[in-house]
A.B. asks: 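My structure is below; once you've seen it, I'll send some questions.
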Amino acid sequence: MSDFLWGVSTSAFQIEGAFTAGGRGPSVWDEFSPVHENQDASVACDHYNRWREDVALMTQLGVNAYRFSIAWPRIQPSGKGPVNAEGLDFYDRLVDALVDVGIAPVVTLYHWDTPLELEAEGGWLNRDIADRFADYTALVADRLADRVKMWIPINEPAMVTLQGYAIGEHAPGKTLLFDALPTAHHLNLAHGRAVEVLRSHNAQAVGTANNHTPAWPVGPNDVAAAEAYSEIHNWIYADPMLSGRYPDAVAELLPIADGDLATIHQPLDFYGVNYYNPTRLKSPSEGNPLPFELAEIDEYPLTGFGWPIVPSGLTEMINALRERHPGLPPVHVTESGCSFPDELADADRISYLDGHLKAAQAADVAGYFVWSLLDNFEWEAGYSQRFGLVQVDYETQRRTPRDSFHWYRKVISGE
């Protein structure tokens with residue numbers, strides 16, 4: 001497994017802070033509410049100023065890959081127009097530092113922090129955003145393509161559509177239900193446009209990072225509900241990327257123009273799976289406008305976030321992807337992790353990661369990225385959830401490796 005990628009993942013909005021430093025513009029998340037206890041990410045982990053310390057932590061950990069995201073508002077404060085040189089310089093220095101210590105930079109171009117001005121113009125409901133995203137991709141690739149090992153255009157488009165536009169739990173907080181589905185097509189289109197741009201800049205490897213969840217029916221009468229959920233969580237993204245088609249049930253709900261599917265269906269060098277838990281579904285109760293209803297999974301232990309711990313679901317999902325898409329490229333688990341209470345002796349996290357790593361290896365993956373290197377701002381949950389291999393004291397910004405950090409270091413080194 002000498003070429004196996006042992007990694008950690010983060011995202012810009014969750015760790016960087018420094019909302020107005022270096023010419024950064026506002027994103028949809030900057031003032032989103034409601035957030036737990038009215039917390040915000042204006043400081044977060046102060047990674048913008050402490051990135052050297054964080055690279056040193058990764059060197060100590062022994063990872064050979066670091067997946068991080070670039071903040072679109074740092075590169076184009078309004079989401080369009082010329083590059084903000086100071087913002088791009090920040091990531092240029094980070095990439096150089098990673099390369100210098102033998103850690104492969106794995107860049108995500110979009111991890112949910114849409115420039116606020118673009119959202120005011122419709123955000124992902126507006127087809128024009130795919131063109132804006134292609135322009136942004138070109139600015140980043142022009143500077144970094146010579147050193148970045150792997151590119152992920154868009155992280156978890158399902159969460160943007162479902163949580164951001166359908167039910168309003170995430171920014172921009174819209175509650176459009178099925179009227180949110182056009183955002184799925186525009187996210188896919190932006191992915192395809194970005195892949196084209198990255199190829200034109202001789203990118204080393206281009207893939208994606210989709211959130212996937214096995215959809216479990218409660219019983220035989222709930223199979224249709226589970227299938228409907230899987231189509232809008234899993235297959236509305238994977239199918240057009242990998243096979244150039246949408247599931248029949250959702251295709252008629254999408255604003256597909258001539259040539260769109262060919263643009264989306266670009267050859268990929270790898271496929272990223274972000275996995276946290278399965279989802280159980282039942283037929284909708286009276287008055288529910290959706291074709292499914294969520295049901296509890298209560299026969300497994302839970303994370304601090306209340307998510308069921310089911311490592312076998314990761315293997316199940318990867319196998320389902322390969323069965324549905326026989327030409328699936330090499331798979332990387334681009335996010336896998338858990339929140340637990342703030343303790344340095346985090347045996348529960350070690351158990352979780354050990355189980356999921358074994359499940360990933362059983363599915364013959366090419367890399368495994370722990371979410372996350374650091375405790376961070378967990379979106380609408382604020383700082384209430386701790387995902388880090390490294391504990392962060394938000395008052396002092398002191399970083400302290402947890403037991404899971406040392407466990408992962410030993411796993412990587414083969415001790």
Side-chain angles (χ1 to χ4, degrees), residues 1-12 14-16 45 47 50-70 91 93-108 111 144 147-152 155 204-205 207 209 269-276 314 330-339 344 346 349-361 363-376 386-392 399-415:
M1 297 180 64
S2 60
D3 57 350
F4 190 86
L5 289 186
W6 298 99
V8 285
S9 291
T10 65
S11 87
Q14 293 178 272
I15 67 170
E16 284 181 0
C45 305
H47 174 78
R50 298 173 184 267
W51 62 270
R52 293 176 181 83
E53 182 180 354
D54 296 334
V55 171
L57 281 167
M58 286 184 275
T59 304
Q60 179 186 348
L61 181 58
V63 294
N64 58 10
Y66 173 42
R67 178 182 169 228
F68 62 97
S69 77
I70 290 176
Y91 297 105
R93 291 191 294 270
L94 175 60
V95 167
D96 273 349
L98 293 168
V99 172
D100 285 347
V101 295
I103 297 175
V106 180
V107 166
T108 302
H111 199 129
L144 303 181
R147 285 156 291 152
V148 170
K149 181 179 179 67
M150 298 165 64
W151 294 88
I152 295 166
N155 177 75
Q204 294 182 45
D269 301 298
F270 66 93
Y271 190 89
V273 172
N274 294 1
Y275 169 81
Y276 290 95
L314 174 56
V331 172
H332 291 265
V333 177
T334 36
E335 286 184 28
S336 176
C338 53
S339 67
L344 292 177
D346 56 342
R349 180 173 287 106
I350 292 172
S351 175
Y352 179 102
L353 293 174
D354 181 62
H356 284 75
L357 177 56
K358 288 174 179 174
Q361 292 172 328
D364 192 26
V365 302
Y368 184 85
F369 291 75
V370 172
W371 185 275
S372 176
L373 173 67
L374 304 167
D375 288 338
N376 55 39
R386 300 273 184 162
F387 278 85
L389 297 173
V390 176
Q391 179 199 64
V392 177
R399 279 107 157 104
T400 307
R402 292 190 166 97
D403 286 357
S404 56
F405 178 101
H406 301 294
W407 169 84
Y408 193 41
R409 179 186 60 77
K410 291 180 179 177
V411 170
I412 294 169
S413 66
E415 292 183 26

A.B. asks: Donor-acceptor pair, distance only, cut-off 3.5 Å: does the side chain of Arg402 make one with the backbone of Gly388?
C.D. replies: yes

A.B. asks: Does Asp269 pair with Lys149 as a salt bridge, N-O distance under 4.0 Å?
C.D. replies: no

A.B. asks: Calculate, to the nearest 0.5 Å, the distance between atoms CG and CG belonging to Asp375 and Leu389 respectively.
C.D. replies: 9.5 Å

A.B. asks: Under the side chain to side chain donor-acceptor pair (under 3.5 Å) rule, collect the residues that match up with Arg399, sequence neighbours excluded.
C.D. replies: Asp54, Gln397

A.B. asks: Could you check Tyr276, Tyr368, Trp371 and say which one makes a side-chain hydrogen bond (donor to acceptor under 3.5 Å, both in side chains) with Glu335?
C.D. replies: Tyr276

A.B. asks: Under 3.5 Å, is there a donor-acceptor pair linking the side chains of Tyr352 and Ser336?
C.D. replies: no

A.B. asks: Listed by chain and number, what are the salt bridge (charged side-chain N to carboxylate O under 4.0 Å, His left out) partners of Asp364, not counting sequence neighbours?
C.D. replies: none

A.B. asks: For Arg93, which residues count as a side chain to side chain contact (heavy atoms under 4.5 Å, CB included) partner, sequence neighbours excluded?
C.D. replies: Trp51, Asp89, Phe90

A.B. asks: Using atom types as modelled and distance alone, determine if a side-chain donor or acceptor of Arg386 lies under 3.5 Å from a backbone N or O of Val392.
C.D. replies: yes

A.B. asks: Answer yes or no: is there a donor N or O on one side and an acceptor on the other, between the side chain of Tyr408 and the main chain of Gly7, under 3.5 Å?
C.D. replies: yes

A.B. asks: Roughly how far, to the nearest 0.5 Å, is CG of Leu94 from CZ of Arg52?
C.D. replies: 10.0 Å

A.B. asks: Look at the side chain of Arg147 and the backbone N and O of Val99, then say whether any donor-acceptor pair between them is shorter than 3.5 Å.
C.D. replies: no

A.B. asks: Can you check whether Ala12's main-chain N or O pairs, donor with acceptor, with Ser69's side chain at less than 3.5 Å?
C.D. replies: yes

A.B. asks: Kindly compute the distance separating OG1 (Thr108) from CD1 (Ile152), expressed to the nearest 0.5 Å.
C.D. replies: 4.0 Å

A.B. asks: Among all residues two or more places apart in sequence or in another chain, which pass the ring-ring contact (aromatic ring centres under 6.0 Å, His included) test with Tyr271?
C.D. replies: His212

A.B. asks: Classify the angle between the aromatic ring planes of Tyr91 and Phe68 as parallel (below 30°), tilted (30 to 60°) or perpendicular (above 60°).
C.D. replies: parallel

A.B. asks: Hey, mind stepping through Trp6 and Leu61 against side-chain contact (heavy atoms from CB on, under 4.5 Å) and telling me if it holds?
C.D. replies: CA-CA 10 Å; Trp6 298 99; Leu61 181 58; over 6 Å; no

A.B. asks: Could you list the residues that satisfy side chain to side chain contact (heavy atoms under 4.5 Å, CB included) with Ala366, not counting sequence neighbours?
C.D. replies: Pro330, His332

A.B. asks: Restricting to ring-ring contact (aromatic ring centres under 6.0 Å, His included), what partner residues turn up for His47, sequence neighbours left out?
C.D. replies: none

